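Working notes, beginning with the structure itself.
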Amino acid sequence: MVWLGDIALSRKDLGLAESYARQAQMIDAGHPASHALLALVHEGRNDPARAEEELRTAIRLEPSYIPPYLLLARRYLAINRADDAIAQCQAALRFAPQRPGIRETLLLAYIQAGRIPEAITEAHALIKQRPRDPALHNTLGALYGRSGDPSQAAREFQEALRLDPKFSPAYLNLGDSYLVRNDRARALQSYLEAGRLTPMLAEAHRRAGDLYLADKRIDEALAAYTRALIADPKAVGALTNLARIYTEERRDLKQAVELAQRAESLAPRDWYVQDVLGWSLYESGKIDEAVPHLEEAKRLEPQAARARYHLGTAYLKQGMKSEAASELRAALSLAPNLPQRDAVERILSDLLP
């Protein structure tokens with residue numbers, strides 16, 4: 001009956017699945033699998049409280065029955081209760097330390113909880129079970145990166161690539177580890193290889209574009225960001241930096257505003273998105289439209305010198321001299337090497353009473 005219920009559930013027939021679960025319970029009221037099946041039915045009906053009750057009943061009836069622990073853990077992960085998910089996985093491991101799925105879920109829970117040292121330990125345990133899995137080495141490398149050890153991170157990414165030379169996520173992460181160590185050439189090479197192996201990996205193209213943009217290789221940056229948007233039309237970073245290029249480097253203000261507005265519709269609480277949109281509107285001569293976006297950029301990130309400089313410039317255009325001076329001074333204080341420093345100092349000197 002439980003098996004038939006699972007089939008019904010796979011076909012999204014919740015009523016039939018529940019019927020089979022109830023019939024199974026009529027045959028054996030203490031059968032834990034029937035309660036696990038009912039829990040999935042309740043989940044399908046968006047009734048999490050009853051689902052959890054059924055899973056806990058299944059565990060009470062048979063503490064060594066593993067599926068309820070995993071179902072509870074995954075449910076807790078979905079609602080950001082990482083510590084509860086960890087507790088369920090640890091309970092399951094006591095009964096079945098080699099059972100597939102438990103350590104993987106526990107690893108995800110440790111990562112969600114921000115317990116990186118424990119996540120690293122768990123990743124090593126999984127690698128002992130599956131030493132030739134490149135994804136595990138890639139995950140371990142990312143964890144070492146988060147723990148502040150880019151050299152060990154790079155070794156794990158390289159091991160992932162030794163096991164599978166076409167595993168593009170490892171190239172993406174390897175690029176990040178090189179960038180942390182300021183090895184920009186190798187970082188760029190890694191991002192480009194990731195994008196070559198997986199053309200739909202938008203993040204690889206975006207990160208390559210960022211390096212090109214920082215080095216003023218504008219044509220290459222444009223090409224990289226365009227590839228990112230082909231892979232993912234909702235790639236906010238690519239949209240925003242393309243808008244910046246069309247505002248500051250390859251003057252096409254109509255396209256700049258359109259791109260920045262698309263980015264804002266996807267990430268309205270990103271200060272950089274608001275800043276780029278505001279500046280593209282400013283450069284288009286739409287000062288009054290620009291200012292609210294630049295003010296929002298400042299509100300979201302008061303320590304961003306770029307946003308403060310742009311806001312001060314816009315205030316000056318509106319004749320708000322006192323407010324402009326305050327923002328421009330803040331920009332210089334936050335970024336003493338601001339590229340526009342000489343021009344800002346001249347403006348401030350002219351604004352003195």
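As the structure is a prediction and not an experimental result, all values here were calculated from the model.
Between atom CG of residue L211 and atom CZ of residue R206 there is a gap of 9.5 Å, rounded to the nearest 0.5 Å. The OH atom of Y225 sits 8.5 Å away from the CD1 atom of I218 when rounded to the nearest 0.5 Å. To the nearest 0.5 Å, atoms OG1 (T198) and CG (L172) are separated by 9.5 Å. The distance from the CG atom of L37 to the CH2 atom of W3 is 13.5 Å, given to the nearest 0.5 Å. Taken from CG in L332 to CD in Q340, the straight-line distance is 9.5 Å, to the nearest 0.5 Å. Note that the CG atom of L72 and the CD1 atom of I59 stand 5.0 Å from one another [nearest 0.5 Å].
In this structure, R45 pairs ionically with E18, as a charged nitrogen and a carboxylate oxygen lie closer than 4.0 Å. Residues E193 and R196 are paired through a salt bridge, judged by an N-O separation under 4.0 Å between the basic side chain and the carboxylate. Electrostatic pairing of R50 and E53 does not count as a salt bridge here, judged by no charged N lying under 4.0 Å from a carboxylate O. Salt bridge present: D219 and R250 bring a charged side-chain N and a carboxylate O closer than 4.0 Å. Residues K298 and D275 are not paired through a salt bridge, judged by the lack of any N-O separation under 4.0 Å between the basic side chain and the carboxylate. With respect to D342 and R346, no salt bridge is recorded, no charged nitrogen being found less than 4.0 Å from a carboxylate O. A salt bridge links R306 with E248: the closest approach of a Lys/Arg side-chain nitrogen to an acidic carboxylate oxygen falls below 4.0 angstrom. Taking 4.0 Å as the cut-off between side-chain N and carboxylate O, D183 and R186 count as a salt-bridged pair. The pair E159-R155 does not meet the salt-bridge criterion, since no charged nitrogen lies less than 4.0 angstrom from a carboxylate oxygen.
Put simply, the side chain of D133 gets close to the backbone of A135: a donor and an acceptor are under 3.5 Å apart. For the pair R81 (side chain) and L77 (backbone), a donor-acceptor distance under 3.5 Å is absent. Judged purely by atom type and a 3.5 angstrom limit, H42 has no side-chain atom pairing as donor or acceptor with the backbone of E54. Formation of a donor-acceptor pair under 3.5 Å by the Q274 side chain with backbone atoms of P268 is found in this model. With hydrogens and angles ignored, the 3.5 Å screen pairs no side-chain donor or acceptor of S326 with any backbone N or O of E323. Remark: side-chain polar atoms of N241 are not paired, donor with acceptor, to backbone N or O of R244 under 3.5 angstrom. In terms of modelled atom types and a separation under 3.5 Å, the side chain of R227 and the main chain of P199 share no donor-acceptor contact. No donor-acceptor pair under 3.5 Å is formed between the side chain of S333 and the backbone N or O of R329. Of the possible polar contacts, one joining the E62 side chain to the S64 backbone as a donor-acceptor pair under 3.5 Å is found. Within the 3.5 Å criterion, the main-chain N or O of G15 finds no donor-acceptor partner in the side chain of S19.
Under the 4.5 Å side-chain heavy-atom criterion for grouping Ile, Leu, Val, Met, Phe, Trp and Tyr, L16 is not connected to M26 through any hydrophobic cluster. No single ILVMFWY cluster, assembled from side-chain heavy atoms under 4.5 Å apart, contains both L38 and L14. In terms of hydrophobic clustering, with Ile, Leu, Val, Met, Phe, Trp and Tyr side chains grouped at heavy-atom distances under 4.5 Å, L259 and L222 are assigned to a common cluster. Note: the hydrophobic cluster containing I27 also contains Y20 (ILVMFWY, side chain heavy atoms under 4.5 Å, direct or indirect links). Transitive grouping of hydrophobic side chains (ILVMFWY, heavy atoms separated by less than 4.5 Å) keeps V273 and L300 in distinct clusters.
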Under the side-chain hydrogen bond (donor to acceptor under 3.5 Å, both in side chains) criterion, do S349 and E345 qualify, and how do the steps go? CA-CA 6 Å; S349 177; E345 287 180 338; over 6 Å; no
R22 and Q25: side-chain contact (heavy atoms from CB on, under 4.5 Å), yes or no, with the steps? CA-CA 5 Å; R22 298 298 183 193; Q25 288 182 349; 3.7 Å; yes
Test side-chain hydrogen bond (donor to acceptor under 3.5 Å, both in side chains) on N138 and Y171 and set out the steps. CA-CA 9 Å; N138 184 55; Y171 274 113; over 6 Å; no
Test log, rule side-chain hydrogen bond (donor to acceptor under 3.5 Å, both in side chains), inputs E52 and Y76: CA-CA 10 Å; E52 183 167 339; Y76 290 145; 2.8 Å; yes
Let me see the working for R115 and I86 under side-chain contact (heavy atoms from CB on, under 4.5 Å), right down to the final yes or no. CA-CA 11 Å; R115 294 163 62 172; I86 289 167; 3.3 Å; yes
Quick one: do T139 and E156 satisfy side-chain contact (heavy atoms from CB on, under 4.5 Å)? Show the steps, please. CA-CA 8 Å; T139 298; E156 292 297 334; over 6 Å; no
Between Y315 and E295, is the side-chain hydrogen bond (donor to acceptor under 3.5 Å, both in side chains) condition met? List the steps. CA-CA 10 Å; Y315 280 155; E295 288 175 335; 2.6 Å; yes
Derivation of the side-chain contact (heavy atoms from CB on, under 4.5 Å) call for L61 and H35: CA-CA 10 Å; L61 290 169; H35 290 279; 3.5 Å; yes
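Considering only heavy atoms from C-beta on, S34 stays 4.5 Å or farther from M1 through its side chain. Within the 4.5 Å cutoff, no side-chain heavy atoms of L140 are placed close to those of L136. Using a 4.5 Å heavy-atom threshold, the side chains of R184 and D215 count as touching. Looking at Y191 and D176, their side chains come closer than 4.5 Å, going by heavy atoms from C-beta outward. In this structure, M200 and D232 have side chains that are not in contact, with every pair of non-hydrogen atoms separated by 4.5 Å or more. Residues S151 and R181 have side chains in contact (heavy-atom distance under 4.5 Å, counting atoms from C-beta outward). The side-chain heavy atoms of C89 and Y69, taken from C-beta on, include no pair separated by under 4.5 Å. The shortest distance between side-chain heavy atoms of D13 and L9 does not fall below 4.5 Å.
Using bins of under 30°, 30° to 60° and over 60° for the plane-to-plane angle, the ring pair H124/Y144 lands in the perpendicular bin.
Between P131 and L163, the shortest heavy-atom distance links the atoms O-CD1, 3.7 Å. The shortest non-hydrogen separation linking S280 to A256 is CB-CB, 4.2 Å. Counting all heavy atoms, side chain and backbone alike, L197 lies closest to S168 at CB-CB, 4.1 Å. Between G5 and A17, the shortest heavy-atom contact is O-CB, 3.6 Å. Of all the heavy atoms in I66 and A92, the pair that sits closest is CD1-O, 3.7 Å. Looking at every heavy atom in both residues, D164 comes nearest to P134 through CB-CG, 3.9 Å.
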Could you go through residues 100-107 and list every donor-acceptor pair under 3.5 Å that involves a side-chain atom there, pairing it with any protein atom two or more places apart or in another chain?
unit_1 : atom_1 : unit_2 : atom_2 : d
R103   : NH1    : E122   : OE2    : 2.4
E104   : OE1    : G101   : N      : 2.9
E104   : OE2    : R130   : NH1    : 2.7
T105   : OG1    : G101   : O      : 2.7

